[in-house]
Protein chains: 2
Amino acid sequence: MFDASPLTQARPLSPRDGDVAHLPALNGPVATFSAGSEIYAQGDRAGTLYQVAFGVVRVYRLLADGRRQICAFHMVGDVFGFEAGIARHVFADAVTTTGLRTIRPSSDADLSRELYRLAMQSLGHAHDHLLTVGRNDAAGRVAAFLLEMADRQGTHGEQTGRAQINLPMSRTDIADYLGLTIETVSRVLTRLKEARILRLTSSRELQVLRWDALEDLTA
Amino acid sequence: MFDASPLTQARPLSPRDGDVAHLPALNGPVATFSAGSEIYAQGDRAGTLYQVAFGVVRVYRLLADGRRQICAFHMVGDVFGFEAGIARHVFADAVTTTGLRTIRPSSDADLSRELYRLAMQSLGHAHDHLLTVGRNDAAGRVAAFLLEMADRQGTHGEQTGRAQINLPMSRTDIADYLGLTIETVSRVLTRLKEARILRLTSSRELQVLRWDALEDLTA
DNA sequence: CGGTGCGTTGAATCCGGTCAACAGTTGTGG
DNA sequence: CCACAACTGTTGACCGGATTCAACGCACCG
């Protein structure tokens, strides 16, 4: 459809760019959260940062009528919990059973430098995500989502067999991440299946048959 | 056309405490950019931060086919230019004639602490903006945009006469900020006029007659 | 078994996009 | 000064994609 010019790379910058942060917290104790349990809520006192040891976390904002916008999914190694002020202005809870290490920002120069870099990665991701939500149709958003998940699982571009992606989150979560409805997400996935771009091995697991086709969809 | 008012931005939703930053750069020289001129481009080497002395800046991402998503408008006092890595992954250029002071991040602890806070404000704004783009219809997005502009100009909630909002940017800019088309933006504005919620004094200036109605639209 | 949560599929509706024409403003040059 | 072009913004008609509403399949679990 469109050829991606080298300048305008729409590809999300993978959080693995600087790979998993080597933070002091990596040695700390791991707190376990069961699927669906709250990590923090809007209005809570901010300050603590978290690093995902295992599992998946969703960070989101809510509207009064229940509409939800998921800002990001956080997976192994990711650090989240950055806030501008004294209070949380987003919610965070565990998608699956999740282990977290807490980080208390110290005055250590090297540490805060590293945390700054990680926070800027969050900002970069937010910008990327804004682009996909604001300027892609339903198919493009789902494609972008799948490519992001593949990146995170290190299976992006792998040949058949290794091209497995598993989705730890529900259709509702995906829809709320992409600004769509669950029905639309479902329909796009079946259309991608019918177009031989994906193979849906189960509702939470799929195979990518044609990466290039997926990338074309994100335009 | 753009008066540099004292800018007492009292944010109702997100607690954006401590407005204009008191940064050392405030005393530095101001570089002037004419309307439309580029400040930096995607791929440029990152590192420099900027503070707006006067005027308006748009920060955006581009797709290969020209589609654009504006991430943020920056006005007097705002600091922008934060990046995760060594290279820019967004574009920035002047909407109107704009003056900028440059900030080179030093090792000063207090400065970096302040810059960290400002960077986190950018992250918070990105999350807010993602919510409006992802979970609001056209009217809700335009309403959210107008409320944001009013906040920035310190006219939010003011009675008739002071309820003037001026829009330094074109309809195209607004559309690319909200993930809409210029036609839709225009239609929403005329509908808001017909509903006696706004009064359009000119294409770049309007009056808010009913703030509550605007806020209801954002749901 | 029936209940519940999750996902898929279908049909009808509607909102926003697309295409097109037109109006208002600014700027340029004869 | 006027004529014209170029740009920006508005409005209309039509269309299509995403939502809405609804039914159904399926796995899991009491």
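Because the structure is a prediction, the values reported are computed rather than measured. Per chain, numbering begins at 1; letters A, B, ... match sequence-line order.
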Handout entry: side-chain N/O Thr190(B) vs dT11(D) OP1/OP2, d < 4.0 Å
Key =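 Checking dT11(D) against Thr190(B), a side-chain N or O does come within under 4.0 Å of OP1 or OP2.
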
Exercise for the section: Indicate whether OP1 or OP2 belonging to dG9(D) is found under 4.0 Å from a side-chain N or O atom of Arg204(B). Expected result: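 So the side-chain polar atoms of Arg204(B) do come within 4.0 Å of the phosphate oxygens OP1 or OP2 of dG9(D), strictly under.
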
Problem - Spacing of OG belonging to Ser186(A) relative to CG belonging to Leu180(A), to within rounding of 0.5 Å - result: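 Between atom OG of Ser186(A) and atom CG of Leu180(A) there are 12.0 Å.
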
Between [N] ([atom2]) and [X] ([atom1]): distance, integer Å:
| X | N | atom1 | atom2 | value |
| --- | --- | --- | --- | --- |
| Ile174(B) | dT8(D) | CD1 | C1' | 12 Å |
| Leu192(A) | dT8(C) | CG | P | 12 Å |
| Leu167(B) | dT10(D) | CG | P | 10 Å |
| Asp176(A) | dC6(C) | CG | P | 13 Å |

Practice task
Using the salt bridge (charged side-chain N to carboxylate O under 4.0 Å, His left out) rule, collect all pairs that involve residues 91-100 of chain B, keeping only residues at least two apart or in two chains.
Solution key: Arg58(B)-Asp93(B)

Exercise for the section: Using the salt bridge (charged side-chain N to carboxylate O under 4.0 Å, His left out) rule, collect all pairs that involve residues 132-147 of chain A, keeping only residues at least two apart or in two chains. Expected result: Arg135(A)-Asp176(B)

Handout entry: Set of side chain to side chain contact (heavy atoms under 4.5 Å, CB included) partners for Ala41(B), sequence neighbours left out
Key =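 Ala41(B) satisfies side chain to side chain contact (heavy atoms under 4.5 Å, CB included) with Glu38(B), Asp44(B), Phe91(B) only.
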
Practice task
Using the test side chain to side chain contact (heavy atoms under 4.5 Å, CB included), find all partners of Ile182(A) that sit at least two apart in sequence or belong to another chain.
Solution key: Arg171(A), Thr172(A), Ala175(A)

Handout entry: Qualifying ring pair (Phe, Tyr, Trp, His ring centres under 6.0 Å) pairs with a residue from residues 188-208 of chain A, counting only residues at least two apart or across chains
Key = none

Problem - Qualifying ring pair (Phe, Tyr, Trp, His ring centres under 6.0 Å) pairs with a residue from residues 193-219 of chain A, counting only residues at least two apart or across chains - result: His156(A)-Trp211(A)

Handout entry: ring pair (Phe, Tyr, Trp, His ring centres under 6.0 Å) partners of Phe33(A), counting only residues at least two apart
Key =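 With sequence neighbours excluded, Phe33(A) shows a ring pair (Phe, Tyr, Trp, His ring centres under 6.0 Å) to no residue whatsoever.
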
Exercise for the section: Could you tell me which residues satisfy salt bridge (charged side-chain N to carboxylate O under 4.0 Å, His left out) with Arg191(B), sequence neighbours excluded, listed by chain and number? Expected result: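 Residues passing salt bridge (charged side-chain N to carboxylate O under 4.0 Å, His left out) with Arg191(B): none at all.
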
Practice task
Report, as a single string ordered 5' to 3', how protein heavy atoms within less than 4.0 Å touch nucleotides 15-21 of chain D: B base, S sugar-phosphate only, - not at all.
Solution key: ---SBBB

Heteroatom pairs (N/O) under 3.5 angstrom, protein to nucleotides 26-30 of chain D:
none

Exercise for the section: Spell out, as yes or no, whether a donor-acceptor pair under 3.5 Å connects the side chain of Thr98(A) to the backbone of Val56(A). Expected result: yes

Practice task
Output all residues satisfying side chain to side chain donor-acceptor pair (under 3.5 Å) with Asp212(A), sequence neighbours left out; order by chain, then residue number.
Solution key: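 If we apply the side chain to side chain donor-acceptor pair (under 3.5 Å) test to Asp212(A), skipping adjacent residues, there are no hits.
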
What are the atom names and distances for every N/O pair under 3.5 Å that joins the protein to nucleotides 22-27 of chain C?
none

